[in-house]
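The first residue of the sequence shown is numbered 1, and numbering continues consecutively from there.
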Amino acid sequence: MALKSDHIRELLLAIAISLFAAMAFYFSTKATLHDLDYTNQIASALLHGQLGLQEKPPDWLNEMIPWQGRYYSAFPLGAVLSMLPVALLRKVGLIQSFPGHVLAALIAGLCVYFFFQLTKAFKGDWNNSSPTYPVARPAHRSLGEGGSPFRRVLLALFPIFGTWTWCNLGFGGAWQIALGLALLGQAAALYFTLVRRTPFVAGAFFALAFGNRTELLITLPLYLYLFWRQSNGGQGAAVSSPPQTGNAIGRRKLRLALHEKAPMLLRFVCLPAALALATAAYNFARFHSIFDFGYIHIPEVRDEPWYQHGLFSINAIPWNIYTMLFQGFESIDYFPYIRPNGFGCSIFLASPFLCLLFRQGGRYKAVAWIAISVLTLVLWLHGNPGSWQFSYRYAMILLPWMFLLLTGNGPAKISVPEVSLFAVSVAINAIAMWQFLWTDQIQP
């Protein structure tokens, strides 16, 4: 009875902080780029059986691709399908324009909900290296036994309000909404992988994630590995080292394990596989290549100097490294006396809380660092590090994996360094959000 009561209280708390986050996000931001509704335009065309627009789009949608009598978008199919409900509401007349502001707030609230619930993946974990490590475990720990409720709330709010997500998602344009949906999809996929193990639902959210940011498809083996190890030892399975194969378990045991776990893994991959095949067909129908998403066909993109070596090139790595890790703020002679560059700054300056990534320990440390490293390398290969943005907007897709590190490598109870760095991070991002969205202090 007590466990059921704790579960109800925890669910109510998760819903409460999710609603708080959505409302706080909505009233603190202004969707200055909501007119850039590329995905919504193509979703509306899909409802009429068309892959592109037949008429010339408005001038502000200058990234539409004129191709063989149609106007296409460079967004992947998953991003377009994500907007079908919005396009349907618009078709029946319930909305008149792209609700980028509302969508961004809903995404923020749902992300906070899943991040809060994801802390339960660390049930019973303790960090012996922390100076705040308790001498003995308490006899009863409510609210999911995933650490103190205050620390869980802080960690759940951090990816939205303590990072560049607040400002960039707040723009409310199609590119920012796609990043937000990728963030939400990963957070939910990890929750249904590590906490409430439901392969089909986890796969659906993973499809949402990579459908909006194609590069996330490379993390598929990590989800399969997490399911594999979770099925071996349930919730408490350690996932800090690669699975042992070959001589360690023998070919026979490996075959038996594959036979036993194949249905679970297939349930996870069925929707992502369907979306991948549909995306290939979608690309081929438009540009006669399954790998051509159309970005290079955007007018004048080929002539931009940062794409002289192609959309992806090792020559782009130094610029991306500088923007993501080292680019600083500018000084001004009026409040708030600092101003981020409108084309990027270091993620560690934008969010000092990330300095805690390098603490020792953490149940999912190896998997998380592999995901961060591989995804970061892909992001660094992109010819343009993000254009108009606060900090490094592409790094929003790293936040779920950073969340696993930050939650797992800290103390069970909230600590002074965490509260201090969280407060500073929120303050920095609040100022940046205000400067970008509510003032003319930062101009392209």
Would you say [Y] and [X] are linked by a side-chain donor-acceptor pair, where the criterion is simply a distance under 3.5 Å?
X    : Y    : answer
N283 : S289 : no
N384 : S387 : yes
W434 : S28  : no
R359 : N409 : yes

> Can you list the steps and then say if Y38 with E63 is a side-chain contact (heavy atoms from CB on, under 4.5 Å)?
Replying inline: CA-CA 8 Å; Y38 296 97; E63 292 184 353; 3.4 Å; yes
>> Please determine whether ring pair (Phe, Tyr, Trp, His ring centres under 6.0 Å) holds for the pair F205 and F114, giving the CA-CA distance in whole Å, both sets of side-chain angles, and the decisive distance to 0.1 Å.
In response: CA-CA 12 Å; F205 278 108; F114 282 111; 5.7 Å; yes
Distance-minimising heavy-atom pair for [X] and [Y]:
X    : Y    : answer
I298 : A74  : CD1-CB, 4.0 Å
A202 : T193 : CB-OG1, 3.6 Å
I160 : C111 : CD1-CB, 3.8 Å
T29  : W438 : O-CZ2, 3.5 Å
I177 : M83  : CG2-CE, 4.0 Å
I42  : S73  : CG1-CB, 3.5 Å

Aromatic ring proximity, centroids under 6.0 angstrom, [Y] and [X]:
X    : Y    : answer
W164 : F390 : no
F200 : F268 : no
W388 : F343 : yes

>> For the residue pair R286 and F284, would you count it as a cation-pi contact if the rule is NZ or CZ under 6.0 angstrom from the ring centre and within 45 degrees of the ring axis?
In response: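 No.
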Do [X] and [Y] have side chains that approach each other closer than 4.5 Å (heavy atoms only, starting at C-beta)?
X    : Y    : result
C167 : Q389 : no
L404 : L118 : yes
P149 : E10  : no
Q117 : R196 : no
R151 : K413 : no
P76  : R213 : no
F20  : V112 : no
V269 : L224 : yes

> Would you find a donor on one side and an acceptor on the other, under 3.5 Å apart, between the side chain of R302 and the backbone of H297?
Replying inline: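 Such a contact is absent between R302 side chain and H297 backbone.
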> Just by modelled atom types, is the S351 backbone N or O under 3.5 Å from a matching donor or acceptor in the N429 side chain?
Replying inline: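 Here the side-chain-to-backbone pair does not exist.
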Distance from [X] atom [atom1] to [Y] atom [atom2], nearest 0.5 Å?
X    : Y    : atom1 : atom2 : result
R393 : T163 : CZ    : OG1   : 14.5 Å
W175 : F75  : CH2   : CZ    : 4.0 Å
F287 : L51  : CZ    : CG    : 10.0 Å
L405 : L356 : CG    : CG    : 11.0 Å
M324 : I347 : CE    : CD1   : 4.0 Å
I397 : L183 : CD1   : CG    : 10.0 Å

Heavy-atom count check: over 12 atoms from other residues, nucleotides or ligands less than 6.0 Å from [X] [atom1]?
X    : atom1 : answer
Y334 : OH    : yes
I314 : CD1   : no
Q443 : CD    : yes

>> Just to verify, what does H382 make a ring pair (Phe, Tyr, Trp, His ring centres under 6.0 Å) with, not counting sequence neighbours?
In response: Y307, F312, Y394
> What residues form a salt bridge (charged side-chain N to carboxylate O under 4.0 Å, His left out) with R90, not counting sequence neighbours?
Replying inline: D37
> Given F206 and F210, is the ring pair (Phe, Tyr, Trp, His ring centres under 6.0 Å) satisfied, shown in steps?
Replying inline: CA-CA 6 Å; F206 176 69; F210 94 80; 5.5 Å; yes
> Would Y223 and W401 count as a ring pair (Phe, Tyr, Trp, His ring centres under 6.0 Å) if you check the C-alpha gap in whole Å, the side-chain angles of each, and the deciding distance to 0.1 Å?
Replying inline: CA-CA 12 Å; Y223 287 94; W401 304 98; 5.6 Å; yes
>> In terms of relative ring orientation, are F158 and F353 parallel, tilted or perpendicular, with 30° and 60° separating the classes?
In response: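 Answer is tilted, since the angle falls between 30° and 60°.
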> Is the Y26 ring parallel, tilted or perpendicular to the H101 ring (thresholds 30°, 60°)?
Replying inline: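 If you compare the ring of Y26 with that of H101, the planes turn out parallel.
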Return a table of donor-acceptor pairs under 3.5 angstrom between the side chains of residues 53-61 and protein atoms on other chains or two or more places apart.
unit_1	atom_1	unit_2	atom_2	d
K56	NZ	D59	OD1	3.4
W60	NE1	D35	O	3.2

> Passes ring pair (Phe, Tyr, Trp, His ring centres under 6.0 Å), F122 versus Y364? Steps please.
Replying inline: CA-CA 9 Å; F122 300 88; Y364 304 104; 5.4 Å; yes
